[in-house]
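In what follows, a single structure is set out as structure tokens and then discussed.
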Amino acid sequence: MTARVFLFYLSSFLAFVCGHSVNYSVIMYSQDILNSDLISGIGFGLCFGPPIILGWYAGVLCDRLAPGRLILFSQITFMLCALVLLGGHYLAESLTLKTAAVVIGAFLAGCSWSFIAPARFATLAQVVPEKSLHGATILLNLLSMVGFGLGPILIAFTYSDFGWSGVFVSLFAGFFLATILVFFVPTKGSDKVRKWVGAEIREGLQAVAAKPILAQLLLASVLAYTLMGPMQVLLPRMARSQLMFNEMERGSYLGVLALALIIGGVLCMVLKNRVHEGMTILVGAMIAGVSVVVISQITTPMASALVLLFSGIVGGMIVSLIVAGLQAEAGAEVRGRVMSMYTITSQITPALTGLGAGILSEYLGVVLGLLICGLVIVAVAAIGIGKLNAIRTYNRST
């Protein structure tokens, strides 16, 4: 691994940890300070909502400009988000103003997520050889999942010593360091003739439509990320109200996902040439859905943590296989646009399901809300096994 690649991965790791910590902060702050599952769902939706519009433009820019420039833009926006959250907590006296700060901060985070993920995938294709791209993509996605898992731990440890102000300051500092590292990873733009943005978006869609495996992998990513919204929105509430955890115990419980995602990503790297990729994705999604159903019915902390660990391992494997398959099957000329579509699905899906989970929890309770979410995932996965023929037969190792 060259110094350039190492610095890129280090910057990515910091950005992913802090980025996911922002999402968790919006959820936990809304639940603990504002005392509202509904606001936490809305905030989470805003964290991942803007890509439904901005994500398409981000894909075009990734195939036009040096992707490092887009990474800088997105991380500076994340830094602004951290400042807004800090200002809302430290300066605002009323819950209304604090709520406004959460909403604005979540929207800024959503704008950042629109660009940061596709830009990093596009950058990866410039810093590693083509033959190493599949494995390198799994590693980059592993860093993202580890960031997802470490977010609650970072928040718990920082909050225990410095409160919410300390949390927001640490997020700003992490993004600042990640931004400095980007300057040591130069990238270049494309010299192709540029067209109208809408025409280039259409080119990307046509490329996906012409290759069924790309279209179905994107559908599989929707299924996989359906898990993330309910887990991020409802598990923090579940940990406190059903499992009776204190702040540190809740952070450690949610941090089980870090270990699980690491194991799942590592297993994917080790077994990527030994498992049937397509069936692993489809069957794994169903198993993960069943795990969510089980978690909703467990009141014993150790049993709940073990099921969460298992679910995270399976989720880590299937997401890694999906993103690596997309990166490998997309042509270099449209890779930015294809990966931006993946980013849209990976962010819009948790946003919508997180909002839905928040609404269900608000009116039906956290247990019934999580149960319904798990049953929906199982049902959709069963349909996918029967309908997604290209994935069912997809296996790059043969």
Side-chain angles (χ1 to χ4, degrees), residues 12 51 55-56 58-64 67 117-145 190 192 200-225 264-265 267-285 315-349 381 384-385 387-398:
S12 299
W56 301 101
V60 172
L61 293 183
C62 285
D63 287 330
R64 282 183 179 180
R120 286 199 174 275
F121 284 121
T123 298
L124 185 66
Q126 293 191 18
V127 300
V128 302
E130 181 72 26
K131 64 180 181 180
S132 304
L133 188 56
H134 187 271
T137 301
I138 292 178
L139 178 56
L140 180 61
N141 196 66
L142 172 61
L143 294 178
S144 176
M145 293 187 297
S190 172
K192 70 174 186 176
E200 294 197 34
I201 292 174
R202 188 164 54 251
E203 280 183 359
L205 291 171
Q206 290 171 345
V208 170
K211 200 167 186 178
I213 186 59
L214 288 177
Q216 293 194 15
L217 282 171
L218 288 171
L219 287 174
S221 72
V222 173
L223 174 58
Y225 280 103
L267 281 177
C268 183
M269 296 182 70
V270 172
L271 301 176
K272 66 180 186 293
N273 295 323
R274 302 179 185 178
V275 298
H276 190 286
E277 294 174 73
M279 287 305 297
T280 300
I281 290 170
L282 295 175
V283 175
M317 286 191 67
I318 62 178
V319 169
S320 294
L321 289 173
I322 290 170
V323 69
L326 286 168
Q327 185 88 307
E329 297 296 330
E333 68 282 356
V334 294
R335 180 171 284 123
R337 279 162 284 182
V338 171
M339 297 314 295
S340 75
M341 294 178 204
Y342 165 75
T343 299
I344 291 169
T345 63
S346 69
Q347 295 177 355
I348 292 302
T349 305
I385 291 175
K387 297 293 185 180
L388 301 180
N389 299 327
I391 291 184
R392 200 168 58 241
T393 59
Y394 179 65
N395 192 25
R396 295 181 69 257
S397 60
T398 58

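All values below come from the heavy atoms of this structure, side chains included, with hydrogens, waters and symmetry mates left out. Worth saying up front: this structure is predicted, and the values here are computed from it rather than measured.
Partners of A136 according to the side-chain contact (heavy atoms from CB on, under 4.5 Å) rule, which considers only residues two or more places apart in sequence or in another chain, are Y9, L124, V128. Checked against salt bridge (charged side-chain N to carboxylate O under 4.0 Å, His left out), R120 has no partners two or more places apart in sequence or in another chain. Scanning for side-chain contact (heavy atoms from CB on, under 4.5 Å) contacts around L219 gives L388, with sequence neighbours left out. Taking the side-chain contact (heavy atoms from CB on, under 4.5 Å) definition, one finds that A207 meets it with V334, sequence neighbours left out. T137 meets the side-chain hydrogen bond (donor to acceptor under 3.5 Å, both in side chains) test with Q327; sequence neighbours excluded.
Shown here for A381 and L223, the closest heavy-atom pair between the two residues is CA-CD2, 3.8 Å. Between P118 and S340, the closest heavy-atom pair is CB-CA, 3.9 Å. Across all their heavy atoms, V208 and V338 have their closest contact at CG2-CG2, 4.1 Å. The minimum heavy-atom distance between A117 and T343, with the atom names listed, is CB-OG1, 3.6 Å. Looking at every heavy atom in both residues, V222 comes nearest to T349 through O-CG2, 3.2 Å. Closest approach of A224 to V319, counting heavy atoms only: CB-CG2, 4.1 Å.
Going from atom OH of Y342 over to atom CG of L217 covers 10.5 Å, rounded to the nearest 0.5 Å. Note that CG of L142 is 9.0 Å distant from CG of L140, once rounded to the nearest 0.5 Å. Here Y394 contributes atom OH and H276 contributes atom NE2; the two are 10.5 Å apart, rounded to the nearest 0.5 Å. Atom-to-atom distance recorded for I281:CD1 and R392:CZ is 13.5 Å, nearest 0.5 angstrom. Here the straight-line distance linking atom CG of L321 with atom CD1 of I138 works out to 6.5 Å at 0.5 Å rounding. A distance of 11.0 Å separates CD in E277 from CD1 in I391, rounded to the nearest 0.5 Å.
Side chains of F121 and V323 form a contact here, defined as non-hydrogen atoms less than 4.5 Å apart. A 4.5 Å side-chain heavy-atom check between M339 and C62 finds every atom pair outside the cut-off.
The main-chain N or O of W56 is never found under 3.5 Å from a side-chain atom of R337 such that the two would form a donor-acceptor pair.
Counting only residues at least two apart or on different chains, the side-chain hydrogen bond (donor to acceptor under 3.5 Å, both in side chains) pairs with a member in residues 206-221 are K211-E329, S221-T345.
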